[in-house]
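Take a look at the structure set out below.
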Number of protein chains: 4
Amino acid sequence: MRPNPVVERLGRPLRLGVVGGGPEAFIGYIHRSGAELDGRFRVVAGVLSSDPARSRERGQKLGLAPERSYGTVEAMLATEASRADGIEALAVMTPNDTHHAICRAALDGGLDIVCDKPLTNSLADAMDLVARVRRSGRVFCVTHTYAGYAMLREARAQVAAGAIGDVRLVQVEYLQAGMAVRHEDGPLTPKLRWKMDPARGGPSLVLGDIGTHAFHLAEFVSGRRVSELSADVGALVPGRRVHDYAMAALRFDSGARGNLLVSQAAAGAENNVVLRVFGANGHVEWQHRDANYLTLALQGEAPRRLGRGDPYLRPEAARTMRIPRGHPEGFREAMANLYADAAEAIVARRTGVAADPLALDFPTVEDGARGVAFIEAAVASSEAGARWTRCVLPD
Amino acid sequence: MRPNPVVERLGRPLRLGVVGGGPEAFIGYIHRSGAELDGRFRVVAGVLSSDPARSRERGQKLGLAPERSYGTVEAMLATEASRADGIEALAVMTPNDTHHAICRAALDGGLDIVCDKPLTNSLADAMDLVARVRRSGRVFCVTHTYAGYAMLREARAQVAAGAIGDVRLVQVEYLQAGMAVRHEDGPLTPKLRWKMDPARGGPSLVLGDIGTHAFHLAEFVSGRRVSELSADVGALVPGRRVHDYAMAALRFDSGARGNLLVSQAAAGAENNVVLRVFGANGHVEWQHRDANYLTLALQGEAPRRLGRGDPYLRPEAARTMRIPRGHPEGFREAMANLYADAAEAIVARRTGVAADPLALDFPTVEDGARGVAFIEAAVASSEAGARWTRCVLPD
Amino acid sequence: MRPNPVVERLGRPLRLGVVGGGPEAFIGYIHRSGAELDGRFRVVAGVLSSDPARSRERGQKLGLAPERSYGTVEAMLATEASRADGIEALAVMTPNDTHHAICRAALDGGLDIVCDKPLTNSLADAMDLVARVRRSGRVFCVTHTYAGYAMLREARAQVAAGAIGDVRLVQVEYLQAGMAVRHEDGPLTPKLRWKMDPARGGPSLVLGDIGTHAFHLAEFVSGRRVSELSADVGALVPGRRVHDYAMAALRFDSGARGNLLVSQAAAGAENNVVLRVFGANGHVEWQHRDANYLTLALQGEAPRRLGRGDPYLRPEAARTMRIPRGHPEGFREAMANLYADAAEAIVARRTGVAADPLALDFPTVEDGARGVAFIEAAVASSEAGARWTRCVLPD
Amino acid sequence: MRPNPVVERLGRPLRLGVVGGGPEAFIGYIHRSGAELDGRFRVVAGVLSSDPARSRERGQKLGLAPERSYGTVEAMLATEASRADGIEALAVMTPNDTHHAICRAALDGGLDIVCDKPLTNSLADAMDLVARVRRSGRVFCVTHTYAGYAMLREARAQVAAGAIGDVRLVQVEYLQAGMAVRHEDGPLTPKLRWKMDPARGGPSLVLGDIGTHAFHLAEFVSGRRVSELSADVGALVPGRRVHDYAMAALRFDSGARGNLLVSQAAAGAENNVVLRVFGANGHVEWQHRDANYLTLALQGEAPRRLGRGDPYLRPEAARTMRIPRGHPEGFREAMANLYADAAEAIVARRTGVAADPLALDFPTVEDGARGVAFIEAAVASSEAGARWTRCVLPD
C-alpha cells in the first residue's frame with residue numbers, strides 16, 4: 001500500500017467532483033474507482049448526465065448525497081464554491097465538445113482538473129485552456145491512461161537514463177475491433193451517437209478516441225516531440241463517413257523517425273497498444289496485453305523481460321508499487337496512478353510543500369493540446385496527399 | 001460497472017470488520033480494497049495488530065473511526081454486537097494459528113466470515129469450523145484468491161459443461177522465489193517470524209502458504225475431489241528446517257490423476273500459478289502471469305485463446321465483468337470477485353431472497369478444511385516414503 | 001517425407017547449377033541445402049566466386065566434380081549446355097547488379113531459374129526478364145523465402161478462401177539490427193562492400209535487402225496488389241548515406257490499405273518479420289520468430305493458434321508437411337518449399353504433365369519485378385515528400 | 001555453414017548404413033536427413049523393412065544402389081564388411097526389441113553406432129551393450145534428439161558454468177496427444193502394433209517412447225544423476241492396458257529434487273517438452289515449442305531470453321551454428337547436431353586425432369542404459385505404491 005501524502009498533509013482526501021461517466025460508459029467507473037483507489041480523492045459531488053433529472057438520480061445511485069447530485073455543471077460549480085467543504089478538483093469525462101467550456105469554467109472557479117482526452121475539438125480551444133492553466137497555476141491532468149502503467153513509466157525512465165542511447169525510431173500502434181462492424185446501419189448507442197457526430201466527437205473519430213493515446217505514448221516514452229508528420233487517415237469500412245483508420249510517418253525534433261498506426265476497425269483485434277522505442281544501442285517494447293512487463297533489448301545482449309514489482313526497477317516505476325511482483329495489476333491501477341500523481345501535485349500547490357518530482361510526470365494540458373495539434377496535422381496531411389505537415393503548438 | 005445486489009436490497013453496503021492485515025502485509029490492503037471495490041462492503045471496524053495500542057493507531061490511519069479501531073478482537077466483537085450499526089461480517093487475515101479461535105468466536109456471534117487460508121493449523125480445528133458453519137447457516141468464504149479470476153471461473157465452467165470431456169489429468173504448479181534465499185541466517189521480518197514457526201504458521205510453510213491454493217484450484221476447476229495422494233515434501237535450500245518444496249501425485253475420486261508441484265524456493269521464478277486440466281477431448285490451461293486469458297485446446301482443433309471480457313464467455317465468467325475486453329484486470333479484482341460473491345450470499349441469507357446460483361461458487365469452509373486435510377495427508381505421505389495416503393474429510 | 005514427383009517422373013533429381021553463395025554468405029548454404037532437401041534437385045555444377053581460381057577451389061570444397069567447378073558463368077553455361085548430363089536449372093545468389101545478365105543468359109540458354117531477390121537493380125532490367133520468361137515459357141522462381149513457410153501458405157489460403165472476409169488492412173514489418181552499428185567506420189566485409197555500394201547493391205539497401213520481402217508478403221498473403229504508396233525512406237543512423245529504414249502507407253487495387261515498416265538499424269531487434277492481414281470479419285497474424293504457428297482471429301470469437309502439421313490445415317499448407325505437428329521446422333524448410341515447388345513446375349514443363357496447381361504458388365518473375373517497382377516507387381515518393389506514387393508494372 | 005572435420009581429415013563423408021525407418025515412420029526420414037545435413041555422413045546402404053523384398057524395394061526408392069539395398073541386417077553386415085567401401089557406421093531405428101541384437105552384431109563387426117531410444121527392452125541387454133562398447137572402444141550415440149537442440153546445449157553449459165548455482169530442482173515434462181484416442185478399438189497401424197505390444201515395445205509404452213527423453217534431459221542439462229525415484233505409472237484412457245502416463249518424484253545424487261511428468265494421452269496437447277532447472281541463484285527454462293530460445297532467470301534480475309545464433313552464447317551452443325540469429329532451426333537440425341558430433345567422435349577414433357572435446361557431449365550408450373534403468377525403476381516403484389526406488393546402473 002502506497003503512502004498517502006494527501007492525507008498526511010491535509011488530514012483527509014481531496015474532495016472531487018465528477019462530470020460525465022454515466023452507467024453506459026465504463027470509463028466513468030474507472031475514473032471514479034481510480035480516483036478513490038489510493039484514498040487521495042473522494043468523490044463527493046457530480047453531474048452524471050446532461051439530463052438534469054437523470055443526472056440527479058444517477059448521482060444518488062452512486063452514493064452521492066442528494067444535495068450534491070447536481071443537474072448541471074453550472075449548478076455544481078456555483079453551489080460547491082459556496083460550501084465550506086466544497087469540491088477542490090473536478091474530473092471531466094463528458095463528450096469531447098463539452099470539455100472546453102467545462103474546464104474553462106472550472107479553472108475560472110479555481111479548481112484543479114483531471115480531464116479525459118481529447119482535450120478539445122479544436123486547437124484554438126486547447127490553447128485557450130493552456131493559457132488559462134498557465135495563468136492560474138492550477139493542476140491539469142489529461143488522462144492518457146496508458147501513461148499510468150508502471151512499466152511504461154519504467155520505459156520512459158530507461159530511455160531518459162540513456163539505457164538505449166539516442167532515440168532513432170518510435171513505433172506505436174493501437175488497434176481495436178469495435179468499429180469493424182457497420183454500427184451506422186442500425187440504431188446507435190448514445191455513446192456512438194455523439195462520437196460519430198463530428199460536431200460533438202471532433203474532426204476525427206479514430207484520432208480523437210485512440211490516436212491521441214498513441215501519439216502521447218510516442219512522445220511520453222521517447223521524451224521527444226513530434227515536429228512533423230505525413231499521414232493517411234480514412235475509413236477501412238466501406239462507405240463509412242467517419243475515420244476508423246490512420247497511420248502516420250513521424251519526424252521528431254531530434255531527427256528521430258516514427259511510425260504510428262491506429263484503427264478501430266481492425267476486425268478480430270483486441271484492444272491492444274504496442275509501443276517500441278529504438279535507440280542507438282537497443283530498444284524497449286511494451287504492449288497492453290502484457291502490461292505488467294517491459295522488454296529491454298540491448299544490442300548484442302539477450303533481451304530482458306522486466307516485471308512490475310521487481311526489485312531492479314527504476315524509482316519512477318517502483319514508486320507506483322502497490323502489490324508485489326507476480327501479482328498482476330491492470331487498467332484500473334493505471335488510471336489510479338494518474339489520479340495519484342495529480343493529487344500529489346494538487347496538495348503540493350495547496351500546501352506550498354514541493355511534491356516529489358517524480359509525481360509530476362503525468363500528462364498535462366500541454367500534452368492534451370499536443371494531441372489536438374496532432375489530430376489537426378494528421379487530417380490536414382492526409383487531405384493534402386500525405387504531405388509532410390508541421391505538428392507543433394502555436395507560441 | 002457490475003450491478004450491486006447488496007445496495008439494491010439493503011439500501012447500503014454490508015458493514016465489515018477486519019482482523020489483521022497491518023502495513024507490512026500487502027494482503028491486508030488487497031482484502032480491504034477487494035471488499036470495497038464493488039461497493040458491497042464497507043470496512044467500518046478493525047483490529048490491525050495483536051498489540052492493542054498499535055492496532056488502534058493503525059485503524060485510524062486507515063480511516064476507521066477512533067471508537068471502532070479496536071485493540072482486540074474480543075473488544076470488537078463485543079462492542080460491535082451492541083451497536084445498531086455494528087458489523088455484519090468479519091474478514092480474517094491474521095497469522096494462521098489464530099484463525100480458528102477468531103472464526104469460532106465470530107460465528108458464535110452470528111457474523112458471516114471471509115477468512116484467509118490455510119483455514120486452520122489442524123484438521124480437527126477445521127472440522128470444528130465446518131460443523132459450526134453448518135449449524136449456524138452463516139456464510140463462510142475462504143480466500144483462495146485465484147478462484148476469483150474470471151478466466152479460472154471460465155475454465156471451471158467449461159469443464160463442468162463438458163467442453164473437454166471427462167477429466168483425466170490435472171496439473172497444477174505454484175512457484176515462488178522468495179524463500180530461495182536463506183532468510184533464516186539473518187533477522188526475520190515479523191511476517192516470516194510467525195510463518196516459519198510451526199506452532200504459528202502450521203505444519204508446513206509451503207503447503208500452508210501456497211500448496212493449499214494449488215490444491216484448491218485443482219479441485220475447483222476440475223470439479224473433482226482428490227481422494228488420495230503420494231507426496232514428497234521438504235526443503236530445497238540446504239539446512240532449512242521448514243518446508244519450501246512439495247510435489248504430489250494425486251488421484252481423484254473419479255479415477256483422474258494429478259500432479260502438483262509447489263515451491264517458495266524456486267530461484268528466479270515469478271509468483272506464477274499454472275493450471276492445466278486434461279479431459280478426454282481436450283484441455284484448458286491458465287497461468288497467473290497471463291491471467292486475463294485462458295487457453296482451450298480441443299483434440300484435433302487449433303487451440304483457442306479466450307480473453308476476459310470477450311463476448312463468447314460463459315455466464316460464470318461473464319458475470320464478473322467490470323471493464324471491457326482488452327483492459328486487463330489483476331489480483332485486486334480477483335480478490336474483489338470473492339468478496340462480491342460472499343456479499344451476495346450474505347445479503348441473500350439476510351433477506352431470504354435467493355442469490356444468483358452463480359454467485360455461490362466461492363471457496364467455502366469445506367474447501368478450507370480440504371486444504372488442511374491436504375496438508376496433513378501430504379506431510380504424512382512424505383514421511384512414509386511417498387506412500388499413497390487418503391485425503392478426505394472425516395464425516 | 002513428402003512424395004517426390006521429380007524422381008517419380010524423371011527417375012532422378014533435376015540437375016542444378018549454382019552461381020554465388022560463397023562461404024561468407026549463409027544464404028548460399030541455405031539455397032543449396034534447400035534445393036537438395038527433398039531430393040528434387042541435385043547441385044552438380046557451380047560458380048562460387050567472381051574470382052575464377054577461388055571459384056574452382058570453392059566448388060570442389062563443396063563436393064562438386066573438379067570439371068564442373070567453373071571459373072565463370074559463361075564457362076558453366078557453355079560447357080554444361082554441351083554435356084548430355086548438363087544442368088537443367090540455375091540458382092542465382094550473386095550480388096544484385098549481376099542478376100540481370102546472368103538470368104538473361106541462362107534463360108537464353110533454355111534453363112529454368114531460381115533467383116534471389118531483389119530481382120534486378122532497375123525496373124527496366126526486371127521487365128526485360130519478365131518478357132524473356134514469358135517468351136521462353138521457362139520457370140522462374142524468386143526466393144522470397146518467407147513465402148515458403150507453411151503457415152504463411154496457410155494464411156494465404158485462409159484469406160483466399162474468405163475466412164476473414166474482404167481484406168481491408170495489411171500490416172507488415174521486417175526489423176533487423178545488423179546495421180544499427182556504423183559498419184562504415186571500419187573496414188567493410190566483402191558482402192557489405194557490394195551491398196552498400198548503390199552501383200552494385202541497387203538504389204536502396206534496406207528496400208532491396210528486406211523491403212522487397214515485406215512487400216511480397218503483403219501481396220502474397222492478401223492476394224491483392226499494391227497500386228500506390230506514400231513512403232519515407234532514409235537512414236536511422238546519423239550520417240549514413242545508404243538507406244537503413246523505410247516505411248510506407250500502401251493502397252491496394254481493391255481499396256484496402258497497408259502499412260509497411262522495415263529497418264536494418266533497429267538496435268536490439270531480432271531478424272523478425274510480422275505480418276497481419278485484417279479483413280471484414282477477422283484477421284490472420286504470423287511472425288518469423290514463431291514461424292510454426294499462425295493466429296486466426298475472427299471477430300467475436302476467441303483467437304485460434306494454428307500449428308504446422310496440425311490436422312485441420314488447408315491443403316496449401318498441408319502439402320508441405322515433412323514432419324508431424326509439434327516438431328518445429330525452420331528457415332531451411334521454408335527455402336526448400338520454394339525449391340520443391342519450382343522443381344514440380346519444371347518437371348511439369350519438361351514432361352508436359354500438369355503440375356499440382358497448388359505447387360505453382362511460388363514467387364514468380366513478375367513478383368520479382370513488382371519488388372523492383374516497389375523500390376523505385378518508394379524512393380520516388382520519399383524524395384517527393386511522401387507524395388502518393390503509383391506502384392504498378394508497365395504493360 | 002559449419003566446418004566439416006570429417007571431410008577435412010578423411011577427404012570424404014563417413015559411409016553410413018541404416019536399419020529401419022520405413023516410409024510410415026517420419027523418424028527414419030529425420031535420421032537420414034540429419035545424418036547427411038552437414039555432409040559428415042552419406043547413407044550408402046540400408047535395410048528398410050523386416051520384409052526382405054519390401055526392404056530392397058524401399059532402399060532403392062530412397063536412392064540406394066540396388067546391391068546395397070539389403071533384405072536383412074545379417075546380409076548387410078556381412079556384405080558391407082567385405083567391401084572396400086563398406087559402411088563404417090550403422091544407424092538403428094528399428095522396433096525396440098531388435099536394438100540389442102542389431103547393435104551387438106554391429107559392434108562385433110567393428111561398426112560405430114547411432115541408435116534410437118529406448119536403447120533396449122531390458123536393463124540386462126542394455127548393460128551388455130555398455131560392456132561391448134567399453135571393450136570395443138566404438139562410438140555409440142543414442143538419439144535423445146532434444147539434447148541436440150542448440151539452446152539445450154546452452155542450458156547445459158550455463159548450468160555447468162555455475163550460472164544458476166547449485167542445482168536444487170529439476171522439472172521436466174513431455175506431453176503428447178496422440179494416444180488420447182482409443183486406437184486399440186480399431187485396426188492398429190504397423191507402428192502402433194509393435195509399440196503397444198510389450199514383447200516388442202518394451203515394458204512401458206510411454207516411458208520408452210518419451211519418458212526416456214524427459215529423463216535424459218533432466219540429467220543432461222542438470223549435469224546430475226538421478227539416484228532414486230517414486231513414480232506413478234499407468235493409463236489415463238479408461239480400459240487401456242499399456243501405459244500412457246507417468247510421473248515421478250526424483251532425487252539426484254547431489255540431493256537435488258526433481259519432478260517428471262509425461263503422457264501420450266494429454267488431449268489437445270502439442271508435442272511439447274518443457275525443462276526447467278532451478279539452482280541456488282536462478283533457473284533456466286526451455287520448451288520445444290519455442291526451441292530457438294532459452295530463458296535464463298537469475299534471482300533478483302530480469303529474466304533474459306537467449307536466442308539461437310546470438311553473439312553471447314557459450315561455445316557449447318555457438319559451435320552448432322549453421323545459420324544466423326533470427327532464422328529458426330528445428331527438429332531436423334537437432335538430430336543433425338547429434339550425428340555431427342557422433343561423426344566427429346568417429347573420425348577422431350579412426351584417425352587418432354583428438355576430437356574437439358565439446359563434440360563429445362552427445363548421449364552415449366551409458367545414457368541409453370540409464371534410460372532403461374529409469375523405465376524399470378519407475379515401473380517397479382509404481383507397482384510398489386510409489387515406493388522410493390533406486391535408479392542406478394549396476395557396476
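Residue numbers begin at 1 in each chain, while the letters A, B, ... track the order of the sequences.
Under 4.0 Å is where a charged nitrogen must lie from a carboxylate oxygen, and between B/R304 and B/D310 no such pair does. Here B/D209 pairs with B/K195 in a salt bridge; the nearest charged N to carboxylate O distance falls below 4.0 Å. Under the 4.0 Å criterion applied to side-chain N and carboxylate O atoms, A/R40 and A/E344 are assigned as salt-bridge partners.
A perpendicular orientation is assigned to the rings of B/H31 and B/Y339, their planes being inclined by more than 60° (bins at 30° and 60°).
Contact annotation for B/A334: neither backbone nor side-chain heavy atoms come within less than 4.5 Å of a heavy atom of chain A. Only the side chain of B/E333 comes within less than 4.5 Å of a heavy atom of chain A; its backbone N, CA, C and O stay farther away. Of the two parts of A/R308, neither the backbone nor the side chain holds a non-hydrogen atom closer than 4.5 Å to a non-hydrogen atom of chain B.
Ring centroid separation for the pair B/W286 and B/Y293 does not come in under the 6.0 Å cut-off.
Note on B/D290, B/T145, B/N292, B/N271: by heavy-atom pairs under 4.5 Å with chain A, the leading option is B/N271. Looking only at heavy-atom pairs under 4.5 Å with chain B, the residue among A/G307, A/A291, A/P324, A/S33 that has the most is A/P324. Each of B/E36, B/R289, B/Q176 has some count of heavy-atom pairs under 4.5 Å with chain A, and the biggest count is that of B/R289. Considering only heavy-atom pairs separated by less than 4.5 Å from chain B, the leading option among A/I30, A/L37, A/I27 is A/L37. The residue among A/E329, A/R332, A/R12 with the most heavy atom pairs within less than 4.5 Å of chain B is A/R332.
No more than 12 heavy atoms of other residues, nucleotides or ligands sit less than 6.0 Å from atom CZ of B/R42.
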